[in-house]
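Please read the structure below before turning to the comments.
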Amino acid sequence: MVNFLRYLLKTALFWLLFFAFYRLVFILFNWAYAAEAPLGVMAKSFLVGIRLDLSMTGYLLLLLSVTQAFMVGIGRQFSYRILQGIQVFFILAFTTLLLGNINLYAYWGRLLDAEGFSFLKTPWIILASVQWYESLLFLIFWMGFSWGAIAINKWWMRPLQPSKKLSWLSAGLAALLVLFVGALMIIPIRGSFGVAPINTGVGYFSAHNYANHAAINPLWNLFYSFKRMDARMHHYRFMEEEKAEAIYREMQSSSNDSTLHVLKNDRPNVVVILLESFSAQVVGALGGEKVTPNLDALAREGLLFSNIYAASDRSDKGLVSTLAGYQVLPGYSIIQYPNKSQSLHFMPQVLKEAGYRHLTYIYGGDIGFKGMNSFVTLSGFDKVVTIDDFPLSTRGKKWGVHDEYTFDRLLEEMAVSHNNEHPFFKYYFTLSSHEPFDVPMERVHDDPYLNSIYYTDQCLGDFFKDVKEQGLWDNTLFVLIADHGTPGPKKATSQMRERYHIPMVWTGGALAVQDSIVTHLGSQKDLVSTLLNQLSINSEMFEFSKNLLSPGTGEYAFFTYPDAFGYITPGSYQVYDNSAKKYVMSDGTISPLDSLRGKAMLQRVSADHLKR
């Protein structure tokens, strides 16, 4: 029994050092996210992180104890071969997940969670999003780190000889004692002697969120997110339903129903261009790096909405926001559940009822990704153009058709619908600025993301030049908006408002104003209500979408990411983490009512999701 206790102690030390090593690798590999975090704060993440590391280690020790108790009870001796096999299995599995977390953080700026893990259902999507050498390096590091950890574990645990056979009575007592030791693991697992068990909130110790993320054990965070992942059945409840409803209604109410009209007539042709990963950080007109000269020029000759924030952090959620004016929940997109999304109202359907024809959806990628096909079908489009409608020669190495060819197809579709007695509606989703940022041109920017943005912007410039030459400009309103933001040059994490700041530009010959800026604070989903009101179409059915051109509309933006939400007003900014059960980011002058408004918004959205 003494040898087994020594074995558990040595096992605990091994895994604590294992997690500390990967914390160090995580910090160094993604150091660009550290911003101005002092070295002392980053070092403290190792100390703070011990609690979650101990909790994760406790689960392993519990498993080993239960396994040993079974073997002692059946085989009447302490044996370690199976225990070592279990440790080798978890070394391989955890190395895979921890290296995956390190690499994904570089793209997403957040830790691996249940939503991110869901991408394993479509491994070709993951492979399409990374360069070939990244996959090769991942395999090399995985093999090297796994071999090294297994070798160290074997050396550290020696000698591992089985004990002599015990009598049945002694074996039974020993098994009970081992189970008792295993039961004691509930202490590090819970991380507390109090009523509430440990959660990821213990990792938030600093104003520097990169240090907080480094402190959180990625495996613990992943498994905890799985426990809470079924948002279809989970209701976010912070207060009485009546109170949440009253606060929400106050947020949505408008003191002035008038609308500033910016169109020459209320039935122009409408083209919405959803720009993949166009963060405000790379749009010169919004103070970002000057990577988009053509979009900047369009903003100068049209209407720039300078204070727009994405509703969430992924493309499928951007579709929900811009086609249905609907707010997605943390870690859950209604687009993946047709039985729920079919109950939504859709802007294309409403436009069709108002007399619009030739409704076309264009996307150069796989429309089956994330349930996009069912959502687009439900939206009411007459025609859907996807990757299968383009020659193989137009495709990139992995993700889909290069933007220059899909822009050409959009131009063709517009030309076919032009001069029809009914106005047309086109919705085009770009692709080339999606990782791995594969674009068919010589490198202009060293950063592949910036280079891909520059390429799509170049395509945008060529497209509008052709639009004007072919007479398709005059009676058309073009709405350009991003599907979501990105970490971008600022390496913005999920908690940072820069991660969600995106451009929205209205342009075209149908626009009655030029070189104008709308500073009204709003959300990506507000596009729907704002556009419909300009077309003199009732938008009341889109209750989560606001009319940004109505002077009395409340100024706020709301976004979600797993398992958290952010609430932005002109003078404040907050992020609430539902796992930590507290605000983990706050800035500006925040009133008690502001803190309640964000919670009331999430509670109201959650209730609406549940009833669908």
Side-chain donor/acceptor of [X] to backbone N/O of [Y], under 3.5 Å:
X	Y	result
Glu498	Lys490	no
Glu413	Tyr361	no
Gln524	Ser312	no
Thr486	Ser279	no
Ser606	Tyr236	yes
Ser433	Glu276	yes
Asn475	Pro268	no
Tyr105	Tyr33	no
Asp457	Leu295	yes
Tyr455	Glu404	yes

Counting C-beta onward and ignoring hydrogens, is there a side-chain heavy-atom pair between [X] and [Y] closer than 4.5 Å?
X	Y	answer
Arg604	Arg249	yes
Ser595	Ile590	yes
Leu275	Asp483	no
Glu555	His520	yes
Leu548	Ser529	no
Thr560	Val605	no
Tyr500	His484	no
Val528	Ser539	no

task: Might you work through the side-chain contact (heavy atoms from CB on, under 4.5 Å) test for Thr507 and Leu303, ending with a clear yes or no?
output: CA-CA 6 Å; Thr507 191; Leu303 187 63; over 6 Å; no
- prompt: When the ring centroid of Phe375 is compared with that of Phe346, is the distance short of 6.0 Å?
  reply: yes
- request: Would you check if the distance from the ring center of Tyr356 to the ring center of Phe425 is below 6.0 Å?
  value: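 When the ring centroids of Tyr356 and Phe425 are compared, they turn out to be at least 6.0 Å apart.
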message: Pairing donors with acceptors under 3.5 angstrom, does anything connect the side chains of Ser379 and Tyr427?
response: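 No, Tyr427 and Ser379 have no side-chain donor paired with an acceptor closer than 3.5 Å.
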Do [X] and [Y] sit within salt-bridge range, that is, some charged N less than 4.0 Å from a carboxylate O?
X	Y	answer
Glu421	Arg357	no
Asp608	Arg612	yes
Lys465	Asp462	no

For the [atom1] atom of [X] and the [atom2] atom of [Y], what is their distance to the nearest 0.5 Å?
X	Y	atom1	atom2	answer
Tyr449	His434	OH	NE2	12.0 Å
His445	Ile453	NE2	CD1	10.0 Å
Thr569	Arg597	OG1	CZ	8.5 Å
Asn269	Asp474	CG	CG	10.5 Å
Asp526	Asn547	CG	CG	9.0 Å
Asp515	Leu304	CG	CG	9.5 Å

Look at the rings of [X] and [Y] and say which category their plane angle falls in: under 30° parallel, 30 to 60° tilted, over 60° perpendicular.
X	Y	answer
Phe559	Tyr561	parallel
Tyr363	Phe429	parallel
Phe407	Phe463	tilted

- request: Go through the steps to decide whether Phe544 and Tyr248 satisfy the test ring-ring contact (aromatic ring centres under 6.0 Å, His included), and finish with yes or no.
  value: CA-CA 10 Å; Phe544 293 106; Tyr248 170 73; 5.7 Å; yes
Using a cut-off of 6.0 Å, state whether more than 12 heavy atoms not belonging to [X] lie near its atom [atom1].
X	atom1	value
Tyr454	OH	no
Lys468	NZ	yes
Gln514	CD	no
Glu540	CD	no
Asp446	CG	no

Derivation of the side-chain contact (heavy atoms from CB on, under 4.5 Å) call for Lys491 and Met496: CA-CA 9 Å; Lys491 296 299 181 183; Met496 296 170 63; over 6 Å; no
- prompt: Any cation-pi pair here, Lys426 with Tyr428, using under 6.0 Å and within 45°?
  reply: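 Not satisfied by the 6.0 Å and 45° rule.
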- prompt: Does the ring of Tyr556 carry Lys546 above it, NZ/CZ under 6.0 angstrom from centre and within 45° of its axis?
  reply: yes
field: Partner of Phe558 by ring-ring contact (aromatic ring centres under 6.0 Å, His included), out of Tyr326, Tyr573, Tyr567, Phe565
entry: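 Looking at Tyr326, Tyr573, Tyr567, Phe565, the match for Phe558 under the ring-ring contact (aromatic ring centres under 6.0 Å, His included) is Phe565.
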task: Go through the steps to decide whether Phe238 and Leu602 satisfy the test side-chain contact (heavy atoms from CB on, under 4.5 Å), and finish with yes or no.
output: CA-CA 9 Å; Phe238 304 97; Leu602 180 59; 4.0 Å; yes
